[in-house]
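Read the numbers this way: they start at 1 and go in the same order the structure lists the ligands and their atoms. Residue indices begin at 1 and follow the sequence shown.
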Amino acid sequence: MKKAVCLIIMLANCIVGLSAQNPEQPSWLGDAVFYQIYPSSYQDSDGNGIGDIPGIISRLDYIKSIGVTAIWLNPVYVSGWTDGGYDVIDFYRVDKRFGTNSDLMELIRQAHSRGIKVVMDLVAGHSSDQCEWFLQSKEAPDLRYSDYYIWPSFKPEGVTGAGASLLSKFVATDAPRGPFYIKNFYDTQPALNFGFADPDPEHPWEQAVDAPGPMAMRRELKNIISFWMDKGVDGFRVDMAASLVKNDPDKSATIKLWKDDLMKWFGKEYPEGVLIAEWFNPEQSIEAGFDLDFFCHDGRYNYSTLFFYGRRGFGPNATTTIPYFDEAGAGSLKEWYDLYTYQYDAVKGKGYVCMPTGNHDFNRVCTEGRTNPEDLKVAMTFFLTMPGVPFIYYGDEIGLKQNPAAPSTDGSGFRAGCRIPMLWNATANAGFSTASVDKIYIPQDPDPNRMTVEKAEADPNSLLHYVRAMLRLRKEVPALGADASWKLVSSLEQPYPMVYERKQGNERCYVVLNPSAKAVTVTLPSESTKPVLIGGNYKKCTYRQTGKGDVISISPVSAAIYKF
Ligand code: NOJ
């Protein structure tokens with residue numbers, strides 16, 4: 001029956017033009033545009049200085065007006081708040097700071113009535129150390145939740161290979177089950193037990209992936225997923241999805257667990273639900289069955305060479321390399337291009353590689369030298385014309401500025417700088433909250449000239465209006481969509497301007513990007529017809545057919561989109 005319903009939905013989608021490159025993906029995904037909301041920072045409705053769910057509901061018309069079709073909420077579960085909500089105490093309940101489960105249901109109802117999907121964050125790999133499962137598990141080995149966590153009885157010495165990196169996750173404890181437990185991220189985030197890839201018989205805490213404890217853990221995870229999916233949620237972004245099976249360096253056991261069990265089950269139960277990986281290696285995560293993965297800020301597959309002066313733009317590893325999207329015009333595309341094309345080719349036709357405008361873990365796009373709307377329009381043209389599903393981090397649509405001085409809040413560390421409250425209007429606290437300034441979640445940009453939604457609405461040249469126009473264009477022109485092919489047509493040796501081709505069927509576009517402060521020219525192979533300029537932000541852009549190649553010249557800090 002379910003299969004028949006699926007088939008009907010798929011056929012109907014073909015007729016109305018909805019797309020997803022792979023029939024196993026939700027039919028709405030190919031046309032989706034996500035808006036990520038860090039709930040503590042979006043809109044406060046009760047005057048305590050922290051954003052909440054009723055606040056988000058009150059902004060749904062604005063969210064819809066941007067042109068996005070789905071929301072991803074960072075965790076809203078009851079939390080110990082040592083890691084921005086990623087230390088979950090109760091996976092089945094909304095934290096009081098945000099409201100109630102009923103408030104969340106109301107958000108889903110109201111979002112759906114506007115045609116907007118709602119995706120939650122699923123913290124699959126760990127809980128809070130205050131979670132009742134952990135509190136029980138640390139007491140004794142034979143209780144209901146005892147095996148939800150991993151309790152090494154000693155710290156092995158001289159370990160090499162896979163096991164060596166896990167040693168840094170051993171946390172000393174005086175709990176009765178001690179002397180150690182294994183964490184996933186902070187000490188307050190004990191790892192949930194999905195087993196070990198290759199259990200060492202000398203290490204009795206290393207259970208097999210299919211041992212009773214890890215199997216019970218999987219059932220619990222499915223329960224959490226069902227609990228929310230059955231209430232109308234449209235899917236999850238899965239936090240640290242690659243972390244589940246321990247001592248699994250090539251991730252084959254983790255991929256198998258997702259692919260052979262969780263994904264099969266999810267696909268059957270919720271064929272229109274989406275699962276988004278936080279894995280940062282699409283080649284692996286799409287193989288595991290995820291619909292999409294990010295190419296952004298972590299591990300090897302990051303875009304720091306495009307946007308930041310160093311890895312993620314801060315910290316001891318930051319270098320002074322000039323990023324590509326910078327007026328200096330001294331960046332390179334090569335490192336990003338090699339990694340991106342590797343991932344893109346690996347998953348083409350099976351899933352999406354997505355490049356978000358930002359997120360809650362790394363610098364905003366509006367940072368360092370790139371804080372004026374014209375620079376940001378070039379960057380946004382890139383984000384919104386690449387293949388895969390666009391993700392707009394709240395506030396990036398108005399150029400919300402990174403605040404490097406923001407104090408660490410809820411365990412954010414340096415990440416507070418990108419989790420700053422939204423700026424809405426000219427009232428107190430920019431309309432974010434009626435609380436006194438000292439109660440505001442993270443201090444807002446004190447600049448009296450700061451951009452707000454209200455100002456952006458009033459200015460026809462604002463970044464906000466540009467983002468809307470780009471999203472309209474993306475919707476109207478299938479060659480700019482998620483599934484259209486992508487190919488760099490300019491040369492890596494002469495990176496400014498970057499020109500890439502997007503193609504779907506007979507429709508073809510060129511996207512021309514010049515983030516530099518100089519006018520630039522590029523010669524490309526001769527085309528049989530001259531394309532038409534259909535969008536962008538430029539003072540001047542010309543396309544000449546010379547007989548010795550087609551020549552595009554574009555003004556400084558400009559972006560243009562041509563259609564053949
Ligand atoms: C990735 C999340 O994006 C980040 O905010 C969090 O601190 C870690 N996972 C741990 O859950």
Out of Asn74, Asn359, Asp239, Val88, indicate the one that has the non-hydrogen atom closest to atom 2 (C) of ligand 1.
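Comparing heavy atoms across Asn74, Asn359, Asp239, Val88, the nearest one to atom 2 (C) of ligand 1 lies in Asp239.
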
Give the atom numbers and elements of ligand 1 that come within less than 4.0 Å of a heavy atom of [X].
X: Asp361; answer: 1 (C), 2 (C), 3 (O), 4 (C), 5 (O)
X: Arg419; answer: 5 (O)
X: His126; answer: 10 (C), 11 (O)
X: Asp83; answer: 6 (C), 7 (O), 8 (C), 10 (C), 11 (O)
X: His360; answer: 2 (C), 3 (O), 4 (C), 5 (O)
X: Met240; answer: 9 (N), 10 (C)
X: Arg415; answer: 4 (C), 5 (O), 6 (C), 7 (O)

Is it the case that Tyr62 and Glu397 place a side-chain donor and acceptor less than 3.5 Å from each other?
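A pair is found: one side chain offers a donor N or O, the other an acceptor, under 3.5 Å apart.
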
Do Tyr86 and Asn74 have side-chain N/O donor and acceptor atoms under 3.5 Å apart?
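Side chains of Tyr86 and Asn74: pair found under 3.5 Å.
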
Output all residues satisfying side chain to side chain contact (heavy atoms under 4.5 Å, CB included) with Asp230, sequence neighbours left out; order by chain, then residue number.
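Per chain and number, Asp230 pairs via side chain to side chain contact (heavy atoms under 4.5 Å, CB included) with Ser226, Tyr270.
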
To the nearest 0.5 Å, tell me how far Gln25 CD sits from Glu272 CD.
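Gln25 atom CD to Glu272 atom CD measures 10.5 Å (nearest 0.5 Å).
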
Pair listing, salt bridge (charged side-chain N to carboxylate O under 4.0 Å, His left out) test, anchored in residues 88-100, at least two apart
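Residue pairs passing salt bridge (charged side-chain N to carboxylate O under 4.0 Å, His left out), neighbours aside: Asp90-Arg93, Arg97-Asp410.
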
Short N-O contact, Lys183 and Asp87, less than 4.0 angstrom:
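Judged by the 4.0 Å cut-off on N to carboxylate O distance, Lys183 and Asp87 do not form a salt bridge.
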
